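Everything numeric in this text was worked out from a predicted model, so none of it was measured. Per chain, numbering begins at 1; letters A, B, ... match sequence-line order.
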2 protein chains.
Amino acid sequence: MSVTGRSRKQIILKEAARLFREKGYLASTLRELARRAGVQGGSIYHHFSSKQEILFVLMDNTMNDMIERLSTSIAELDSPLARLRHAIRLHIEYHIIGPDETYITEDELRNLESENYRRIIVQRDHYQQIFEEIIAEGKACLNWQVSDVKLLARAIIQMCAGVTRWYKPNDKFSIDEIAEQYFSLLLNGLKERGAEEKQTQPL
Amino acid sequence: MSVTGRSRKQIILKEAARLFREKGYLASTLRELARRAGVQGGSIYHHFSSKQEILFVLMDNTMNDMIERLSTSIAELDSPLARLRHAIRLHIEYHIIGPDETYITEDELRNLESENYRRIIVQRDHYQQIFEEIIAEGKACLNWQVSDVKLLARAIIQMCAGVTRWYKPNDKFSIDEIAEQYFSLLLNGLKERGAEEKQTQPL
DNA sequence: GCTAACCTAACAAACGTTAGATTTGCCATG
DNA sequence: CATGGCAAATCTAACGTTTGTTAGGTTAGC
């Protein structure tokens, strides 16, 4: 926003994101957060009213950001195909090279107090809904084989977010390559195109 | 094992699984665990040397169980198709109706101390390898379109495990239905069978 | 009567949080 | 330009609670 470097409050938020990602919210100490932010323990309370508020502000900002960036960027694309590909690409990017904040958004839901939890869930549902709309459109326009839109949206989101659980920097694949393989898998499945339709035996 | 009901040690383990799943490992208190197990706080240390050991024993037992049940049950099936379907079914089942222990196995890895962590990771890799073998076999025998076996195995595992993050009892779908839809999606993808091969534009 | 199982009571450390003192940056005023 | 003052920012030091853990005594079962 301002030209004058980050404010201390923003520094604290950024360091909190790194710390929470590294150790988890509960295992993170305000004293260590203060140390990393170059400040004394009690000083944090001048910017935030509690440790919980830091987590909430972090997740709230990030969720708003994710939703806005996703919805505006797919608005420019004209086919459900291109939109789904882009959404997958962006979702994976969010959870890997993306700021630490997006990682936390997935993992620390459990540690939100009830009111905060409710508010973040609303946003998460909103985010998921964007995927649902893409899928519904593909079903209507491109005749995608989808038995349940919501179930599929969840499956895709979880599959992509799950990348965080195994991806390490310097992996043999780049983000783009992973995204492309996931997209291709979802679109085409495992079976070879044009192969004989072997009746799959039930059981 | 024995006919004489569960031993107290087993009760503690079972209650620990429930508690850890409900509140998470770090947020769970040994005093509350003791209360639920019908025992006084300090008594737990007669059965376990630390809180950490409870978590490890829990995950270790569960991992061994999951690996054994998966590998013996797919050994009876004769096609990669049937094996993949069964593996998906079992993996989803593990993470929903399955004992609380399997849930924890996914979620509490971060809270294992380094040596324990290393040992559980070995088992997790072993579990994943079973999926990789099924996929490799399908690629060789049924000409599945797979560009990277390991990547695909991870995608499947994460997608299925992710069910825990949204599934609630009394959901409109049963475990079987979810598993079948996931399996069908993986096999066939979104595109309609026999549809024209529209060249997907790179971009 | 011995051993495993369990209880009681406490300790030391770490934590989130708070209150009060101190410093810093800024701006109006002389 | 200097200066006084005010509010925001930060520091210091502590409090009260909770936590994992431990030591020693007590009970129960074979």
Student: Any sub-3.5 Å donor-acceptor pair from A:Tyr25's side-chain atoms to A:Gln52's backbone N or O?
Tutor: yes
Student: Send over the distance from A:Ile12 CD1 to D:dA9 P, rounded to a whole Å.
Tutor: 10 Å
Student: D:dT10 phosphate, OP1 or OP2: any side-chain N/O from A:His46 under 4.0 angstrom?
Tutor: no
Student: Measure from the side-chain N and O atoms of A:Arg89 to the backbone N and O of A:Ala179, and report whether any donor-acceptor pair falls under 3.5 Å.
Tutor: no
Student: Which parts of nucleotides 17-22 of chain D does protein reach within less than 4.0 Å, heavy atoms only, written one letter per nucleotide 5' to 3' as B for base, S for sugar-phosphate only and - for none?
Tutor: --BBBB
Student: Counting just side-chain N and O atoms, does A:Gln40 come under 4.0 Å of either OP1 or OP2 of D:dT12?
Tutor: yes
Student: Could you check B:Leu186, B:Leu90, B:Ile96, B:Ile92 and say which one makes a side-chain contact (heavy atoms from CB on, under 4.5 Å) with B:Cys160?
Tutor: B:Ile92
Student: Quickly work out the A:Asn111 CG to C:dG16 C1' distance and round it to whole Å.
Tutor: 15 Å
Student: Nearest whole Å is fine: how far is D:dA9 C1' from A:Gln10 CD?
Tutor: 16 Å
Student: To the nearest angstrom, how far is A:Arg8 atom CZ from D:dC11 atom C1'?
Tutor: 12 Å
Student: With rounding to the nearest 0.5 angstrom, report the CG to CG distance, B:Leu190 to A:Leu185.
Tutor: 9.5 Å
Student: Round to a whole Å and report the spacing from CG of A:Leu33 to C1' of C:dA14.
Tutor: 16 Å
Student: My understanding is that only residues two or more places apart in sequence, or in another chain, count here; which of them pass salt bridge (Lys or Arg N to Asp or Glu O under 4.0 Å) with B:Asp171?
Tutor: none
Student: Using modelled atom types and a 3.5 Å cut-off, is there a donor and acceptor pairing between side-chain atoms of A:Glu32 and backbone atoms of A:Thr29?
Tutor: no
Student: So, OP1 or OP2 of C:dA4: does either fall under 4.0 Å of a side-chain N or O from B:His47?
Tutor: no
Student: Rounded to the Å, how far apart are A:Arg35 CZ and C:dG16 C1'?
Tutor: 18 Å
